[in-house]
Amino acid sequence: MSTERVAVRGSERIAPLDSNVIGVADPNAEVNVTIVVRRRTEELPAPGSRPIARHEFAELYGADPADVEQIEQFAAEYDLTVGEVDLSRRSIAISGTVADMNEAFGTELRVFQSPNGRYRGRTGELSVPGNLGDIVVGVFGLDARPQARVRSRRHVEGVAPRAAGDTSYTASAVAKLYSFPTAGSGSGQTVAIVELGGGYKAADLTAYFSKLKISPAPSVTAVSVDGASNKPVGNPNSADGEVLLDIEVVGAIAPTAKIAVYFAPNTDQGFLDAITTAVHDNARKPSVVSISWGGAESTWTAQSLSAYDQAFQDAGLLGVTVCCASGDDGSTDNVTDGAAHVDFPASSPNVLACGGTRLESSGGKISKEVVWNTGSGNGASGGGVSDHFPLPAYQAGAKVPVSVNPAHFKGRGVPDIAGDADPATGYQIHVDGKDAVFGGTSAVAPLWAALIALINQQLGKPVGFLNTTLYAKGASALHDITTGTNGAYQAGAGWDACTGLGSPSGQALLTALKAK
């Protein structure tokens, strides 16, 4: 057994301000952990290269079996049990008691009380034997604090005065306003949706799609990750609203695409496992992933930022596009420290970050589109400049400003693109037996995911990592949004930190990608 120990890079956790330690975790309680290990090679092809076949991926960019063997020896030394090993996902499931996990990873698991309930957590760094220092990318699951929040907002009539232009749309009507391609309906595509709570009832989907006269109704499959499942709460204001918004937007726009909904626990482990399970699902083979959950970049550990970002790189290598909501709280991302914050995972440079607009129409055409900002903290398009990820090459010519925060970091600009997100011009959905109207950037991720499914069908191949092409030749395929603010940042000509490059002109985007 190696006596020299090293810190797991980026594993440091701090206690949330709203949580208190109320005791130590039961030493005999069972804990399930995901260990993510390094790739067998760090030399990756350029973004946008020809997708790698799924059956070749593990051999080229997965985990090295020799590294897995070292993790297995480590587990044996500390009386831990090895579960599923997935070379493509580079993940190894480990289980054991709290006492053995404390010893194995040099930590002390405690019980925290937060306004949302109790959870098992930790503070400080994790450590592993020295021989594993370069092998381990991250250790997830020891800390079970809730990691992400939904990015949807329900519109309730009468709460605010009705403004001129307020209306609600079916998702199909939004697609029509944005000139989505009409030659296909998503056949042959699978759209993956990641959910960290809530669920859907088949009766809601049947009612919704029959009202839209979509027959047969889209194929929707619930996939369990880390023991979570499709569990509707029965309240439209719960995570059910998020789940139904995501499914119904995709299904209304790309009705013949298959929809796979990956349900996972709302922890950094559950979220990561859902992403990697979806990206590497060799049975369903999604070509696009929609993610409408997130949290301020500052609330994540560095190991999470790194492991998730690598998972999104993997998606790009496989030709899978990942669409992430940019947040619904403007440039603060609901953090009250006076600084600007971007939302993660939208701030990963390997995803398509989806911001929000207010969409007004007349006679079936867009009459006005501005940055979504309801004002008074009631919702605004998330966006800004990452304080963690440097400016990616594809944004080099986009005139992304440095962060407004004191360090003025030259970071990744968020979002990349946008779409209708104002709940006052929101989407008609059906959830828990009720008709409702929802907005939020949560609606924009599935909107773009559905558009990409339509485009993939028309092209006969996946567009994969789209950002490079969008920044190089996206102007003709997007409506530039030049009016509005999300707090610290202002809209203007070209890219901005409120709505990115703009909202979609779907057929024009298909034409631009055909010419690629």
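Quick caveat, the model's predicted, so the values are computed rather than measured. For the numbers below, each heavy atom of this structure counts, side chains included, while hydrogens, waters and symmetry mates do not.
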Exercise. Between CG of Asp422 and CG of Asp166, what distance do you get to the nearest 0.5 Å?
Worked result: 7.0 Å

Problem set entry | Check: Ala380 main-chain N/O paired with Asn486 side-chain donor or acceptor under 3.5 Å | no

Exercise. Stepwise, does the side-chain contact (heavy atoms from CB on, under 4.5 Å) test hold for Val320 with Arg54?
Worked result: CA-CA 11 Å; Val320 177; Arg54 287 177 175 275; 3.8 Å; yes

For this session: Would you check if Cys323 and Val288 make a side-chain contact, meaning some heavy-atom pair closer than 4.5 Å?
Result: yes

For this session: Examine distances only and state if a side-chain atom of Tyr308 and a backbone atom of Leu272 form a donor-acceptor pair shorter than 3.5 Å.
Result: yes

Exercise. So does Gln490 have more than 12 non-hydrogen atoms from other groups sitting under 6.0 Å from CD?
Worked result: yes

For this session: Output the distance between atom CD (Gln310) and atom CG (Leu305), rounded to the nearest 0.5 Å.
Result: 11.5 Å

Exercise. Gly383 and Val342: which non-hydrogen atoms are nearest, and at how many Å?
Worked result: C-CG1, 4.0 Å

Exercise. Looking at side-chain heavy atoms only, is the closest gap between Leu454 and Leu510 below 4.5 Å?
Worked result: no

Exercise. Does His341 use its side chain to pair, donor to acceptor, with the backbone of Ser331 at less than 3.5 Å?
Worked result: no

Problem set entry | pair Glu195-Val150: side-chain heavy atoms closer than 4.5 Å | no

Exercise. Shortest non-hydrogen contact from Ala252 to Leu212?
Worked result: CB-CD1, 3.8 Å

Exercise. Within the side chain of Thr299, is there an N or O that forms a donor-acceptor pair under 3.5 Å with the backbone of Ala296?
Worked result: yes

Exercise. Excluding sequence neighbours, so at least two apart, what forms side chain to side chain donor-acceptor pair (under 3.5 Å) with Ser168?
Worked result: Gln428

Seminar exercise, completed: The single option from Asp281, Asp273, Asp314 that satisfies salt bridge (charged side-chain N to carboxylate O under 4.0 Å, His left out) with Arg89 is Asp273

Exercise. Taking the side chain as C-beta and beyond, is there a heavy-atom pair between Thr357 and Ser381 under 4.5 Å?
Worked result: no

For this session: Given salt bridge (charged side-chain N to carboxylate O under 4.0 Å, His left out), test Asp67 with Arg38 step by step and report yes or no.
Result: CA-CA 8 Å; Asp67 286 351; Arg38 64 188 174 186; 2.8 Å; yes

Exercise. At their closest point, which heavy atom of Trp495 faces which heavy atom of Pro415, and how far apart are they?
Worked result: NE1-O, 2.8 Å

Exercise. Looking only at heavy atoms, which two atoms of Ala443 and Tyr427 are closest? And how far apart?
Worked result: CB-CE1, 3.4 Å

For this session: Please determine which of Val370, Asn373, Val371 meets the side-chain contact (heavy atoms from CB on, under 4.5 Å) test together with Thr485.
Result: Asn373

Exercise. Of all residues at least two apart in sequence or in a different chain, which pass the side chain to side chain contact (heavy atoms under 4.5 Å, CB included) check with Ala148?
Worked result: Leu196, Asn266, Phe271, Trp293

Problem set entry | Candidate pair Leu470 and Leu352, rule side-chain contact (heavy atoms from CB on, under 4.5 Å), full reasoning | CA-CA 10 Å; Leu470 277 176; Leu352 185 68; 3.6 Å; yes

Problem set entry | Rounded distance [0.5 Å steps], OG in Ser88 versus NE2 in His55 | 11.0 Å

Exercise. For the side chain of His155 and the backbone of Phe438, is there at least one donor-acceptor N/O pair under 3.5 Å apart?
Worked result: no

Problem set entry | side-chain hydrogen bond (donor to acceptor under 3.5 Å, both in side chains), paired with Arg151, selected from Asp343, Thr441, Asp328 | Asp343

For this session: Give me the ring orientation class for Tyr394 and Tyr471: parallel if the planes are under 30° apart, tilted from 30 to 60°, perpendicular past 60°.
Result: tilted

Exercise. So which heavy atom on Pro45 is nearest to which on Ile52, and how close?
Worked result: CG-CD1, 4.3 Å

For this session: State, to 0.1 Å, how close Ala58 and Arg40 come at their nearest heavy-atom pair, and which atoms those are.
Result: O-NE, 3.5 Å

Could you pull out every donor-acceptor pair under 3.5 Å between side chains of residues 176-184 and any protein atom, sequence neighbours left out?
residue : atom : partner : partner atom : Å
Tyr178  : OH   : Glu369  : OE2          : 2.6
Tyr178  : OH   : Asp420  : N            : 3.0

For this session: Run the numbers on Asp309 and Arg412 for salt bridge (charged side-chain N to carboxylate O under 4.0 Å, His left out), then give the verdict.
Result: CA-CA 13 Å; Asp309 186 50; Arg412 143 77 157 150; over 6 Å; no

Exercise. Hey, is the main chain of Ser185 close enough, under 3.5 Å, to the side chain of Gln457 for a donor-acceptor pair?
Worked result: yes

Problem set entry | Residue pair Leu459, Lys514: steps toward the side-chain contact (heavy atoms from CB on, under 4.5 Å) verdict | CA-CA 7 Å; Leu459 294 177; Lys514 274 182 177 168; 3.5 Å; yes

For this session: Check whether any side-chain heavy atom of Pro401 lies under 4.5 Å from a side-chain heavy atom of Tyr489, and answer yes or no.
Result: yes

Exercise. Are any non-hydrogen side-chain atoms of Asn456 and Val463 less than 4.5 angstrom apart?
Worked result: yes

Exercise. Rounded to the nearest 0.5 Å, what separation is found between the CD1 atom of Ile253 and the CG atom of Leu451?
Worked result: 8.0 Å

For this session: Check the pair Arg90, Asp64 against salt bridge (charged side-chain N to carboxylate O under 4.0 Å, His left out), reporting the backbone distance first and the verdict last.
Result: CA-CA 8 Å; Arg90 293 180 288 116; Asp64 188 327; over 6 Å; no

Exercise. At what distance, to the nearest 0.5 angstrom, does OG of Ser442 lie from CG of Leu245?
Worked result: 6.0 Å

Exercise. Any donor-acceptor pair under 3.5 Å linking the side chain of Asp480 with the backbone of Gly502?
Worked result: no

Exercise. Rounded to the nearest 0.5 Å, how far does OG1 of Thr482 lie from CG of Asp496?
Worked result: 8.5 Å

Problem set entry | Heavy-atom donor-acceptor pair, Trp372 side chain to Gly440 backbone, under 3.5 Å | no

Exercise. Between Ser361 and Tyr169, is any pair of side-chain heavy atoms under 4.5 Å apart?
Worked result: yes

Problem set entry | Min side-chain heavy-atom separation Asp143-Thr267 under 4.5 Å | no

Exercise. Counting N and O atoms only, with roles assigned by atom type, does the side chain of Thr321 sit under 3.5 Å from a partner on the main chain of Gly464, one being a donor and the other an acceptor?
Worked result: yes

Exercise. So, does Thr332 use its side chain to make a donor-acceptor pair with the main chain of Asp329 at under 3.5 Å?
Worked result: yes

For this session: For the pair Leu466 and Leu513, evaluate side-chain contact (heavy atoms from CB on, under 4.5 Å) and give the outcome as yes or no after the intermediate values.
Result: CA-CA 9 Å; Leu466 194 54; Leu513 290 167; 3.8 Å; yes

